[in-house]
Amino acid sequence: MRILVIHGPNLNKLGERDPEHYGRLSLADVNAGIQAHARTMGVTCNIIQSNTEGGIIEAIHGANGYQGIIINPAGFTHTSIAIRDAIECAPVPVIEVHLSNVYKREAFRHHSVTAPVCVGQIAGLGQWGYVLAMTYFVNQS
Ligand code: DQA
């Protein structure tokens, strides 16, 4: 099984950015944890990070050959109709993950334009959200 993980804007700043909400792990630490669990599940996992809408959209369009996408669209979650449309026509199912519990935060984070076109959403479980999403794809296949 092949899974694509897409991290959206500013997630390259994990570890230094707002640790109260995102913890102290760097993106490299989070990715190492994802890869360690992928190996135990027999999953080949490719991970990308993009700070641009276009980069994320092209990654989604290019996901042929994967069985699922796990995406944290970060700030674009709340604004990007273009990423929402890309997910809607994605070649494979998509799960949305947020490190923080967006529903405990500012009101503008309570609405996701992308979640309605995803299989589901996991929020507030930190790096474990990615592992749980991967577990779902493995067990659904
Ligand atoms: C986030 C939540 C978003 O509201 C925020 O803009 C992010 C990160 C999360 O993982 O909790 O950049 O997606």
Side-chain angles (χ1 to χ4, degrees), residues 1-106 108-141:
M1 159 160 281
R2 298 184 73 224
I3 299 290
L4 177 64
V5 174
I6 303 174
H7 298 293
N10 302 308
L11 293 173
N12 54 315
K13 294 290 184 186
L14 285 180
E16 43 186 289
R17 172 193 178 201
D18 196 355
E20 185 200 330
H21 286 114
Y22 303 122
R24 300 229 169 250
L25 295 182
S26 67
L27 186 61
D29 295 332
V30 169
N31 288 344
I34 294 170
Q35 291 291 14
H37 283 88
R39 280 192 293 278
T40 67
M41 288 187 244
V43 169
T44 301
C45 183
N46 281 356
I47 306 179
I48 66 140
Q49 189 273 330
S50 175
N51 289 317
T52 69
E53 239 175 340
I56 293 170
I57 291 165
E58 282 170 13
I60 295 167
H61 289 172
N64 294 299
Y66 293 93
Q67 279 70 52
I69 298 172
I70 301 169
I71 187 168
N72 183 344
F76 287 139
T77 305
H78 317 295
T79 61
S80 179
I81 303 301
I83 291 176
R84 179 225 178 268
D85 289 349
I87 293 172
E88 190 173 37
C89 68
V92 293
V94 180
I95 298 177
E96 179 171 310
V97 168
H98 299 286
L99 295 159
S100 65
N101 182 348
V102 284
Y103 302 101
K104 283 207 286 201
R105 300 180 61 191
E106 303 96 321
F108 66 82
R109 295 185 204 278
H110 297 180
H111 182 64
S112 169
V113 298
T114 45
V117 286
C118 291
V119 178
Q121 183 199 57
I122 301 169
L125 305 184
Q127 66 183 104
W128 296 104
Y130 299 96
V131 175
L132 291 170
M134 194 177 293
T135 305
Y136 172 85
F137 280 132
V138 167
N139 286 285
Q140 277 301 110
S141 67

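All values derive from a computational prediction rather than experimental measurement.
No donor-acceptor contact under 3.5 angstrom links the side chains of His21 and Asn101, judged on distance only. Looking only at atom types and distance, the side chain of Ser112 has a donor-acceptor partner in the side chain of Glu96 under 3.5 Å away.
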* After noting the C-alpha distance and the side-chain angles of Tyr130 and His98, does the key distance pass the ring pair (Phe, Tyr, Trp, His ring centres under 6.0 Å) rule? -> CA-CA 9 Å; Tyr130 299 96; His98 299 286; 9.6 Å; no
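With rounding to the nearest 0.5 Å, the separation of CD in Glu88 from CZ in Arg84 is 4.0 Å. To the nearest 0.5 Å, atom CG of residue Asn51 and atom CG of residue Leu11 are 8.5 Å apart.
The main-chain N or O of Ser26 is found under 3.5 Å from a side-chain atom of Asp29 such that the two form a donor-acceptor pair. Using modelled atom types, one side-chain atom of Gln49 and one backbone atom of Gly8 make a donor-acceptor pair closer than 3.5 Å. A side-chain donor-acceptor contact under 3.5 Å links His78 to the backbone of His111. In terms of modelled atom types and a separation under 3.5 Å, the side chain of His110 and the main chain of Arg105 share a donor-acceptor contact. The backbone N or O of Ile3 sits nowhere less than 3.5 Å from a side-chain atom of Gln67 that would complete a donor-acceptor pair.
Using a 4.5 Å cut-off on side-chain heavy atoms (C-beta onward), Ile69 and Ile60 make contact. Considering only heavy atoms from C-beta on, Ser50 stays 4.5 Å or farther from Ile6 through its side chain.
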